[in-house]
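Structure record follows, encoded as structure tokens.
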Amino acid sequence: MTMSVFLLGSVLFLSVLSTSSGARTGTVYTVWGKSSCRNSADTEKIYDGFMAGKRFNVNGGGSNHLCLPQTPNYSKSNAGASSKLYGTVLIPEGGPFTPITNNILPCAVCYAKGRTAQVMIPAAAECPFSWKTEYVGYIYAEHSGPSDRQPSTYQCIHSSAEAATGVNHFGLGGTNTPSVILPFAAACHGLPCPPYDENKVLTCVVCTK
């Protein structure tokens, strides 16, 4: 089995390809905002957990988000760490996910059998012909306004996102907000409006083939 990772523009592709006769082929993708994968015989959940990233107002740290498993494994319980990961929440109220604002998001890492490539397409809700739709969602990332905020990757949050279970959501929000992401729209400065609309949250779709 061989695994390849390549970058095309701003899109990261990950593929797993078998080179032995009779073995399976497949590709791996992450569902942000859900603890389950697409309900299909050709899709398998590897694990689920919690969406996590750096605290919203801290410099440094990773720019990407991680899907932390439900139960961690530690090699050294007494090993100190100067930096921390925090559960990721959606703000503000009034976005596509008002009922779960300020709740930690779940995630799931999925294996799509028989496919060798995956792509997240922004500003789209359908996959191209011959590609399979894994899920549809909305574009979210770290706040781009205040000077104390740092860049993060743009993630496709599932359109049916839910609050994670097994975590304490009480007290989140305001100064207690950990890792935060907000919805993004297209600005009519350099982008054509129409068809883009700066008053509408950008959609996204995750496709495999």
> Does Q155 reach the side chain of M120, with side-chain heavy atoms less than 4.5 Å apart?
Replying inline: no

>> Strictly distance-based, threshold 3.5 Å: is any side-chain N or O of T27 a donor or acceptor partner for the main-chain N or O of A112?
In response: no

> So do the side chains of I181 and L105 get within less than 4.5 Å of each other, counting heavy atoms only?
Replying inline: yes

> Which residues satisfy the salt bridge (Lys or Arg N to Asp or Glu O under 4.0 Å) test with E198, sequence neighbours excluded?
Replying inline: none

> Quick one: side-chain hydrogen bond (donor to acceptor under 3.5 Å, both in side chains) partners of T203, sequence neighbours excluded?
Replying inline: none

> Any sub-3.5 Å donor-acceptor pair from K34's side-chain atoms to I157's backbone N or O?
Replying inline: no

>> Test your reading of the model: is there a side-chain donor-acceptor pair from Y29 to the backbone of A117, 3.5 Å cut-off?
In response: no

> Do H189 and L191 have side chains that get closer than 4.5 Å, going by heavy atoms?
Replying inline: no

> Do K209 and P128 have side-chain heavy atoms sitting under 4.5 Å apart?
Replying inline: no

>> I'd like to check W131 versus V119 (side-chain heavy atoms, cut-off strictly below 4.5 Å). Are they in contact?
In response: yes

>> Test of understanding: with side-chain hydrogen bond (donor to acceptor under 3.5 Å, both in side chains), list the residues that count as partners of Q70, not counting sequence neighbours.
In response: D48

> In Å and rounded to the nearest 0.5 Å, what is the SG to CD1 distance from C204 to I121?
Replying inline: 10.5 Å

>> Is a donor from one side chain sitting under 3.5 angstrom from an acceptor on the other, for E134 and T208?
In response: yes

>> Under the criterion side-chain contact (heavy atoms from CB on, under 4.5 Å), I'd like the reasoning laid out for L202 against Y196: C-alpha separation, chi angles, the key distance, then a yes or no.
In response: CA-CA 9 Å; L202 288 169; Y196 285 93; 4.1 Å; yes

> Between S160 and E162, is any side-chain donor less than 3.5 angstrom from a side-chain acceptor?
Replying inline: no

>> When you compare the side chain of T88 with that of H65, does any pair of heavy atoms fall below 4.5 Å?
In response: yes

> Residues in side-chain hydrogen bond (donor to acceptor under 3.5 Å, both in side chains) with K113, at least two apart?
Replying inline: none

> What residues form a salt bridge (Lys or Arg N to Asp or Glu O under 4.0 Å) with D42, not counting sequence neighbours?
Replying inline: R38, R115, K132

>> Surrounding OH of Y138 (heavy atoms of other residues, nucleotides or ligands, distance under 6.0 Å), is the total greater than 12?
In response: no

>> Under the criterion side-chain contact (heavy atoms from CB on, under 4.5 Å), I'd like the reasoning laid out for F184 against Y154: C-alpha separation, chi angles, the key distance, then a yes or no.
In response: CA-CA 9 Å; F184 273 70; Y154 293 99; 3.9 Å; yes

>> Going by the rule side-chain hydrogen bond (donor to acceptor under 3.5 Å, both in side chains), which residues pair with T71 if we only count those two or more places apart in sequence or in a different chain?
In response: none

>> Let me confirm one number: the OG1-CZ distance from T165 to F50, rounded to the nearest 0.5 Å.
In response: 6.5 Å

